[in-house]
Number of protein chains: 2
Amino acid sequence: MESRSRRVGRPRRLSREAILRTAERILTEEGAEHLSMRRLAKDMSSTPMALYHHVRDKDELLLLLLEVRTARLPPAELPHEPRERLLAGARSLHEMLADSPWAMDALTPDGRVNTPTRRIVETMIDAAVACGLNHERARHAYRVIWYYTLGELLVRFHRERARRQGDSTPWERAMHSLDPVAFPLLAGLGAQLTEIAGTGHYQRGLEAVVDGLLRKGVA
Amino acid sequence: MESRSRRVGRPRRLSREAILRTAERILTEEGAEHLSMRRLAKDMSSTPMALYHHVRDKDELLLLLLEVRTARLPPAELPHEPRERLLAGARSLHEMLADSPWAMDALTPDGRVNTPTRRIVETMIDAAVACGLNHERARHAYRVIWYYTLGELLVRFHRERARRQGDSTPWERAMHSLDPVAFPLLAGLGAQLTEIAGTGHYQRGLEAVVDGLLRKGVA
DNA sequence: ACCTGAACACCGTTCAAGT
DNA sequence: ACCTGAACACCGTTCAAGT
């Protein structure tokens, strides 16, 4: 073997790690809407096409970013009581994605999740079985919980984005022009909703959903 | 008044109605991802900027399209039993949006809905009160139901899009390259999920959610 | 192997000019 | 008032060429 096989030639300017680091920075500092291949390349003083030598396409990039984040998560504690285990699993999913809004697009087609996520899903289905549901009902229960979680996250992200951009989005303007009478009503609703949106409200709804799913005497 | 004030000058080639008709056609025939201002203009043998004379921007266009569709909906029947009324309201929202996936983006910021939709929301909150919840819990119940509905719709749309595009989306390829071991498992899951996704599964989960929200003895 | 530059096929929107 | 054409500031991705 040639001992000088390393460090010969031009040093690599790009690497997966460096790309992921820069992408992470853009994501956290400016949000997913600012992460583009062109922008990423510019921030690394490179060209868009150089990136394609390290990732297959933008989807793979986003997927890798999700892997990086989930790997950083502390391992979830698993309560003994099965109902608590179900709740804990849902909270884990919720937390994981609350930090990575941009990953929603990749995750919404079902079953397409990375290994840590899949483990949470399996834990939840097992917990539902331990609560007395048969396998079919347990899978169904998981899905209902997932839909609730997904919907909550979606609304959460949209609200945050709206706040970041101020109140003068094109939609906001359209709202005004379409139904001026409705606006005070909606503004009132908005205030209520912000109040409601605090921490703990996901948890509260989750318990209702879980209890509804675990209730006895339903086929 | 001048009786020849109509039909003088060049006839208007574009109109809101014609624009909405063409946009509707593109939406139903090819999906929201093919609806762009440029494409719309081309289909009408016009230029992108001509459209901006009739709608403020693309958001307003989408909003108008949603108005058109909701106006076409048959008026929902309102059952007497409050729990049934709550379920019927949720089903109406679900149906309405199941026909208009492209409207999801506009709807997810809360409270930002057109008049027919707002009426459904009010009906649901009233029904929850009639079920014995106070106003705060009734609003909360509505939101939990909405999150569940939204999540279900989101997964539904993504699945449909994936089916339309075949199995070789960039994501699918990324999945293979990342974890080949995982794939058979996920493929199995996918089959189960498709089976589960049939009609009636939204309804079944909805009842569990509603019963969980209406259960007695919870603060 | 790694990177560049030009190009392809798109976006939504603005601006100045035409009739 | 209604419409056009050119332009601005973007996208993701491909292709052919450079070192």
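It should be emphasised that the depicted structure is a prediction, and the values quoted were computed from it without experimental measurement. Protein chains get the first letters and strands the later ones, always in sequence-line order, with residue 1 at the start of each.
Under the 4.0 Å criterion applied to side-chain N and carboxylate O atoms, B:Glu24 and B:Arg69 are assigned as salt-bridge partners. Classification of A:Glu33 and A:Arg39 as a salt-bridged pair fails, no side-chain N sitting under 4.0 Å from a carboxylate O. Under a 4.0 Å N-O distance rule, the pair B:Arg85/B:Asp126 does not qualify as a salt bridge.
Counting only heavy atoms from C-beta outward, the side chains of B:Asp57 and B:Met37 never approach each other to under 4.5 Å. Side-chain contact between A:Leu27 and A:His34 is absent, with no heavy atoms from C-beta onward closer than 4.5 Å. The side-chain heavy atoms of A:Tyr148 and A:Val144, taken from C-beta on, include no pair separated by under 4.5 Å.
Using atom P as the reference point in both D:dA9 and C:dA9, the two lie 24 Å apart (nearest Å).
Mapping A:Ser46 and B:Pro48 onto DNA chain C by nearest heavy atom places A:Ser46 closer to the 5' end of the strand.
Between the C1' atom of C:dT4 and the CG atom of A:Leu14 lies a distance of 12 Å, rounded to the nearest Å. A:Leu40 has its CG atom 15 Å from the C1' atom of D:dT13, to the nearest Å. To the nearest angstrom, C1' of D:dT14 lies 13 Å from NE2 of A:His53. Put simply, CD on A:Glu33 is 16 Å from C1' on D:dA9, counting in whole angstrom units. The separation between A:Arg56 atom CZ and D:dT14 atom P is 11 Å, rounded to whole Å.
Phosphate proximity of D:dA1 to B:His54: absent, as no side-chain N or O sits under 4.0 Å from OP1 or OP2.
Remark: the A:Tyr202 side chain and the A:Thr149 side chain contain an N/O donor-acceptor pair separated by less than 3.5 Å.
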Polar atoms only, N or O, under 3.5 Å: list the protein pairs with nucleotides 10-12 of chain D and their distances.
{"residue": "D:dC11", "atom": "OP1", "partner": "A:Ser36", "partner atom": "OG", "Å": "2.9"}
{"residue": "D:dC11", "atom": "O5'", "partner": "A:Ser36", "partner atom": "OG", "Å": "3.4"}
{"residue": "D:dC11", "atom": "N3", "partner": "A:Arg38", "partner atom": "NH1", "Å": "3.4"}
{"residue": "D:dC11", "atom": "N4", "partner": "A:Arg38", "partner atom": "NH1", "Å": "3.3"}
{"residue": "D:dC11", "atom": "N4", "partner": "A:Arg38", "partner atom": "NH2", "Å": "3.2"}
{"residue": "D:dG12", "atom": "OP1", "partner": "A:Met37", "partner atom": "N", "Å": "3.4"}
{"residue": "D:dG12", "atom": "OP1", "partner": "A:Lys58", "partner atom": "NZ", "Å": "3.1"}
{"residue": "D:dG12", "atom": "OP2", "partner": "A:Met37", "partner atom": "N", "Å": "3.0"}
{"residue": "D:dG12", "atom": "N7", "partner": "A:Arg38", "partner atom": "NH1", "Å": "2.3"}
{"residue": "D:dG12", "atom": "O6", "partner": "A:Arg38", "partner atom": "NH1", "Å": "2.7"}
{"residue": "D:dG12", "atom": "O6", "partner": "A:Arg38", "partner atom": "NH2", "Å": "3.4"}

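Of all nucleotides listed (D:dC15, D:dC3, D:dG5), D:dC15 comes nearest to the side chain of A:Met49.
With sequence neighbours left out, B:Glu17 forms a salt bridge (charged side-chain N to carboxylate O under 4.0 Å, His left out) with no residue at all.
Ring-plane geometry between B:His140 and A:His201 is classed as tilted, the angle between the planes lying from 30 to 60 degrees on a 0 to 90 degree scale.
In DNA chain C, consecutive stretches of 3 or more Watson-Crick or G-U wobble pairs with both distances under 3.5 Å are given as paired ranges: C:4-8 with D:12-16, C:12-16 with D:4-8.
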